[in-house]
Amino acid sequence: MGDSHLARLHREQQKHAEEACADLGAAAREAGCPLPDLAVVPVDPATGVAGVDLGVIEPKMADRLAEIIRAGVDTLAAEDRPAGSVSLIRVPHGEELVLDRERDQVGVFKRAEGDRWVLAPVVIGSGPEWLADPLKVRPAEPSDRVRAEAARANAQSVQRVS
């Protein structure tokens, strides 16, 4: 007699967890966010479900993972949205760096004001806040963050020279 139906289901769950673990590990490495403690959790006999344990990561890597997930959510939402449909926009968290694509300017999200978002310059006192179209604003990517840090460093060096 062959395996029981339950044993086959457990093996399928285990295999799926192993494949998902390998896929997640590879994707995380490609994104510069390795998950060194990633592991497969064996099938729980009570639930029949296997799992993937993400393990422990440094806060810096957790920040990077959150950034990747947010970018992926925005991308997937855009791909899943039929043309001409209304989209839900993820409102940035307080003081989150964003890129206003219309101005090609990195800014700090301050608040929503009606159907616009109020953004502020990265360098405090370097200019006025401005209103931005949420459809033309995206979370800052690593290259945008470098631009913002360069702007801050330049402003600090100018202040020291003055």
Exercise. Calculate, to the nearest 0.5 Å, the distance between atoms CD1 and CG belonging to Ile57 and Asp37 respectively.
Key: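 So the CD1 of Ile57 and the CG of Asp37 are separated by 9.5 Å.
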
Acceptor/donor pairs from residues 42-51 side chains to any protein atom, 3.5 angstrom cut, sequence neighbours excluded:
{"from": "Asp44", "atom 1": "OD1", "to": "Ala46", "atom 2": "N", "distance (Å)": "2.8"}
{"from": "Thr47", "atom 1": "OG1", "to": "Val49", "atom 2": "N", "distance (Å)": "3.3"}

Partners passing side-chain contact (heavy atoms from CB on, under 4.5 Å) against [X] (at least two apart in sequence or in another chain):
{"X": "Asp63", "answer": "none"}
{"X": "Cys21", "answer": "Leu38, Val40, Val52"}
{"X": "Pro34", "answer": "Arg29, Met61"}
{"X": "Pro142", "answer": "Arg64, Glu67"}

Can you sort out the partners of [X] under side-chain hydrogen bond (donor to acceptor under 3.5 Å, both in side chains), two or more places apart, ordered by chain and number?
{"X": "Glu113", "result": "Arg111"}
{"X": "Arg11", "result": "Asp3"}
{"X": "Glu12", "result": "none"}

Exercise. Enumerate the residue pairs fulfilling salt bridge (Lys or Arg N to Asp or Glu O under 4.0 Å) with a member in residues 94-108, sequence neighbours excluded, ordered by first and then second residue.
Key: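 Output for this query lists Arg90-Glu96, Glu95-Lys110, Glu102-Lys136, Asp104-Arg147.
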
Quiz item: With sequence neighbours left out, which residue pairs that include part of residues 14-24 fulfil the salt bridge (Lys or Arg N to Asp or Glu O under 4.0 Å) condition?
Solution: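 Applying salt bridge (Lys or Arg N to Asp or Glu O under 4.0 Å) to every pair that reaches into residues 14-24, excluding sequence neighbours, yields Lys15-Glu19.
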
Quiz item: Hydrophobic clusters join Ile, Leu, Val, Met, Phe, Trp and Tyr when side-chain heavy atoms are under 4.5 Å apart, directly or via other members; which others share one with Leu99?
Solution: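 Leu97, Val106, Val108, Val122, listed by chain and number.
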
